[in-house]
**Student:** 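Please read through the structure below; I'll follow up with questions.
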Amino acid sequence: MNSLKILKIIKYYILLPLMLTKDFFHLVYEVARHVPKGRVTSYGAIGKYLGSGKSARMVGWAMNAAHSQKKFVPAHRVVNRNGELTGKHHFGHPKLMQKLLEREGIKVKNDKIVNFKNLFWDPAEELKP
DNA sequence: ACTCTGACGAACC
DNA sequence: TGGTTCGCCAGAG
């Protein structure tokens with residue numbers, strides 16, 4: 001049992017559960033709400049910004065519950081790191097996510113965002129304190 | 001208790 | 001550079 005292992009245990013068995021049970025999801029939604037129209041971000045970027053870079057899956061999981069939130073969450077502006085619309089099947093209709101994006105001026109080709117690199121909105125950069 | 005499956009992503013062949 | 005593996009953790013069964 002080395003010190004690195006102990007750190008990991010603290011992080012993943014104490015800190016993360018606290019965040020998850022308290023307000024990790026709400027933080028995710030709050031970040032997502034800051035994504036401007038016509039821009040997109042990624043699951044990993046949000047996770048990283050919130051200090052748990054390795055739990056991008058949890059951000060995706062949070063998005064799954066985003067639709068039932070009172071306040072609107074622009075879940076369609078969150079895609080994976082390659083700019084692919086991997087979450088489109090969770091929008092009622094598979095084409096809905098693409099339509100929502102196109103309505104904001106984003107072009108989508110083969111479930112992939114055109115010019116993703118320039119449209120990418122990084123919370124770590126934009127939401128600096 | 002245990003396995004499996006993901007709206008993920010980095011590291012490694 | 002493209003496929004595979006691995007770490008991650010919440011739910012479902």
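In this text the structure is predicted, and so the values were computed from the model without any measurement. Protein chains get the first letters and strands the later ones, always in sequence-line order, with residue 1 at the start of each.
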**Student:** Grab the OH-P distance between Tyr43(A) and dG6(B) for me, whole Å please.
**Tutor:**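 For the pair Tyr43(A) OH and dG6(B) P, the rounded distance is 15 Å.
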**Student:** So what does His67(A) hit on the nucleic acid, given a heavy-atom distance under 4.0 Å: a base, only sugar-phosphate, or nothing?
**Tutor:**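 Answer is base: heavy atoms of His67(A) come under 4.0 Å of a base.
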**Student:** How long is the line joining NZ of Lys88(A) and P of dA7(B), in whole Å?
**Tutor:**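 These atoms are roughly 12 Å apart.
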**Student:** Counting only side-chain nitrogens and oxygens, does Ser42(A) get under 4.0 Å of the OP1 or OP2 atom of dG9(B)?
**Tutor:**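 Indeed, a polar side-chain atom of Ser42(A) lies that close.
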**Student:** Rounded off to whole Å, could you give me the CG-to-C1' distance for the Asp111(A) and dA7(B) pair?
**Tutor:**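 Going from Asp111(A) (CG) to dA7(B) (C1'), I get 13 Å.
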**Student:** Closest approach of Thr86(A) and Tyr43(A), non-hydrogen atoms and distance?
**Tutor:**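 Looks like OG1-CE1, 4.0 Å.
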**Student:** Could you check how far CE of Met58(A) sits from P of dG7(C), rounded to whole Å?
**Tutor:**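 Interatomic distance, CE of Met58(A) to P of dG7(C): 16 Å.
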**Student:** For a quick test of reading the model: is some side-chain N or O of Thr86(A) closer than 4.0 Å to OP1 or OP2 of dC8(B)?
**Tutor:**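 It does, given that an N or O in the side chain of Thr86(A) lies less than 4.0 Å from OP1 or OP2 of dC8(B).
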**Student:** Using a 4.0 Å heavy-atom cut-off, does Asn64(A) contact any base of the nucleic acid, only the sugar-phosphate backbone, or nothing at all?
**Tutor:**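 The answer is base, as Asn64(A) lies within the cut-off (heavy atoms under 4.0 Å) of a base atom.
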**Student:** Once you round it to whole Å, what is the distance between P of dA10(C) and CE of Met63(A)?
**Tutor:**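 My rounded result for the distance is 17 Å.
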**Student:** What I want to check is whether an N or O donor and acceptor connect the side chain of Arg57(A) with the base of dG6(B) at under 3.5 Å.
**Tutor:**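 Such a pair is found, so the answer is yes.
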**Student:** Tell me the closest heavy-atom pair linking Thr41(A) and Ala45(A), and the distance in Å.
**Tutor:**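 For Thr41(A) versus Ala45(A), the nearest heavy atoms are OG1-CB, 3.6 Å.
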**Student:** Please identify which of these residues, Arg39(A), Arg77(A), Lys99(A), meets the side-chain hydrogen bond (donor to acceptor under 3.5 Å, both in side chains) condition with Glu104(A).
**Tutor:**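 Among Arg39(A), Arg77(A), Lys99(A), the one meeting side-chain hydrogen bond (donor to acceptor under 3.5 Å, both in side chains) with Glu104(A) is Arg77(A).
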**Student:** Could you state the CG-P distance from Asn80(A) to dA7(B), rounded to the nearest angstrom?
**Tutor:**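 Checked: the CG to P distance equals 11 Å.
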**Student:** Between Phe72(A) and His76(A), how do the two ring planes meet: parallel, tilted or perpendicular, split at 30° and 60°?
**Tutor:**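 Aromatic pair Phe72(A)/His76(A) classed tilted.
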**Student:** Expressed in angstrom and rounded to an integer, what is the separation of Phe24(A) atom CZ from dC9(C) atom C1'?
**Tutor:**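 From Phe24(A) CZ to dC9(C) C1': 11 Å.
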**Student:** For atom C1', what is the distance between dG2(C) and dA7(B), given to the nearest Å?
**Tutor:**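 Looking at atom C1' only, dG2(C) and dA7(B) are 23 Å apart.
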**Student:** Could you check how far CD of Gln69(A) sits from P of dA7(B), rounded to whole Å?
**Tutor:**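 Rounded to the whole Å, the gap is 19 Å.
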**Student:** As an exercise, state the distance from CD1 of Ile113(A) to CG of Asn80(A), rounded to the nearest 0.5 Å.
**Tutor:**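 That separation rounds to 9.0 Å.
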